[in-house]
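Shown next, in structure tokens, is the structure this report addresses.
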Amino acid sequence: MSETSPKLRAELEDIPTYRPGRAAASGGRVAYKLSSNENPYPPLPGVLESVVAAAASFNRYPDMACAGLMDELSERFGVPLAHLATGTGSVGVAQQLLQATSGPGDEVIYAWRSFEAYPIITRISGATAVPVPLTVGEEHDLDAMADAVTARTRLIFVCNPNNPTGTAVRRDALERFLDRVPADVLVVLDEAYREFVRDREVPDGVEVYRSRPNVCVLRTFSKAYGLAGLRVGFAVAHEPVAAALRKTAVPFGVSAPAQAAAIASLRAEDELLGRVGNLVGERTRVVDELRSQGWTVPGTHANFVWLRLGERTAAFADACEQAGVVVRPFPGEGVRITIGENEANDILLKTAEQFHRIL
Ligand code: PMP
């Protein structure tokens, strides 16, 4: 056999592979997965039924245009059909945005630490990643991000709320930032956790985009709507951007069961958002309790909390796992903990209390 392997793009060499949150242990022990910001509630019966019904014809390709879902989204958000594009999760849509805007020689700005897919999909596109450190308060440093814009900048991600810190950008700060960004640079407001926001000062990107042709909003059915395993996300953007997204989409990327589930979820929105309300209540309980234990917890607007543990990150993650909850460690930096079932949150709080006592 020859030693020569097919030529691969040099950019791929040092790109890390996306690391999913670890699964909860199986084998009789109670274990809860708080590592992937998923929704802990099982599918609603009506949503499940729609998926089962759609699965009956999976010998056929799905509707590539996602027409039924697009109609529902257009109505629900009050945006024209031409301003919508769907994809395989919002991470799929984010990758389509990079393919549509950026290549070798171009620059992509994002806060760091933020969603771990940003550096990966940026580098896959061949563009140069320009990470801008978060402030000491774990927030986007929008002034520094605007300062980082050059003639090569093509796209800027603003993750609002930010994964993994949970912090959010407020309306005034965002508008000031957008005023500074050149009109030919695309600003992507990644609002994967929008439904968990309760602070009125945190703007709804769909309102922001209306008067700003260079703003694109990303939303997903994976978190609040509980469809992570079905892979449906979408973008709201002005026509040239939305049209480019349809060109860069993988054909038939959103399956018929996924389309059916997303439509059924929009129709069952009251019930699903009620569940989100319960999770927000649990979030308040977890944050308050952690703070009263003595932890520094950044205010979170999403379905997770962030503890900056530095060198003690791995030890904390191990202690959680021993206790029966799997969290998401970022070695040397901190731990992201998804708000889960009440019992899971109880275990987490108990473990955190014991851990803090021995600090
Ligand atoms: N954006 C952010 C900020 C996220 O945290 C995630 C999921 N971890 C995504 C996008 C992607 O979610 P999905 O592809 O499931 O829509």
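As the structure lists them, so they are numbered: ligands from 1, and atoms in each ligand from 1. Worth saying up front: this structure is predicted, and the values here are computed from it rather than measured.
Below 3.5 Å of separation, one finds an N or O of K223 facing an N or O of ligand 1. In terms of N/O distances under 3.5 Å, ligand 1 is not approached by Y118.
Residue-ligand proximity, R231 to ligand 1, at heavy-atom distances under 4.0 Å covers atoms 13 (P), 14 (O), 15 (O). Residue G89 approaches ligand 1 through these ligand atoms, each under 4.0 Å from one of its heavy atoms: 13 (P), 14 (O), 16 (O). Contact atoms of ligand 1 toward C159: 3 (C) (distance under 4.0 Å to a heavy atom of the residue). Those atoms of ligand 1 with a heavy atom of S222 less than 4.0 angstrom away are 13 (P), 15 (O), 16 (O). Atoms of ligand 1 lying under 4.0 Å from any heavy atom of Y193, numbered from 1 in the order shown and given with element: 3 (C), 4 (C), 5 (O), 7 (C), 8 (N).
When the options V132, V149, V108 are evaluated for a side chain to side chain contact (heavy atoms under 4.5 Å, CB included) with I156, the one that passes is V149. Of the candidates W112, Y118, F115, F157 forms a ring pair (Phe, Tyr, Trp, His ring centres under 6.0 Å) with just one, namely Y118.
Nearest non-hydrogen protein atom to atom 6 (C) of ligand 1 is F115 CZ, 3.5 Å.
The backbone and the side chain of S90 each have at least one atom closer than 4.0 Å to an atom of ligand 1 (non-hydrogen atoms only).
Proximity of P16 to R123: side-chain heavy atoms (C-beta onward) are separated by under 4.5 Å at one or more points. In this structure, R285 and D346 have side chains that are in contact, with non-hydrogen atoms separated by less than 4.5 Å.
Using a cutoff of 4.0 Å between basic side-chain nitrogens and carboxylate oxygens, D204 and R210 are not scored as salt-bridged. Salt bridge annotation for R176-D143: absent, with no cationic side-chain nitrogen under 4.0 angstrom from a carboxylate oxygen.
Summarising the contacts of atom 1 (N) of ligand 1 with D190, N162, V91, the nearest heavy atom is found in D190.
Within the structure, side chain to side chain donor-acceptor pair (under 3.5 Å) contacts touching residues 155-164 (residues at least two apart or in different chains) are S114-N162, N162-T165, N163-R336.
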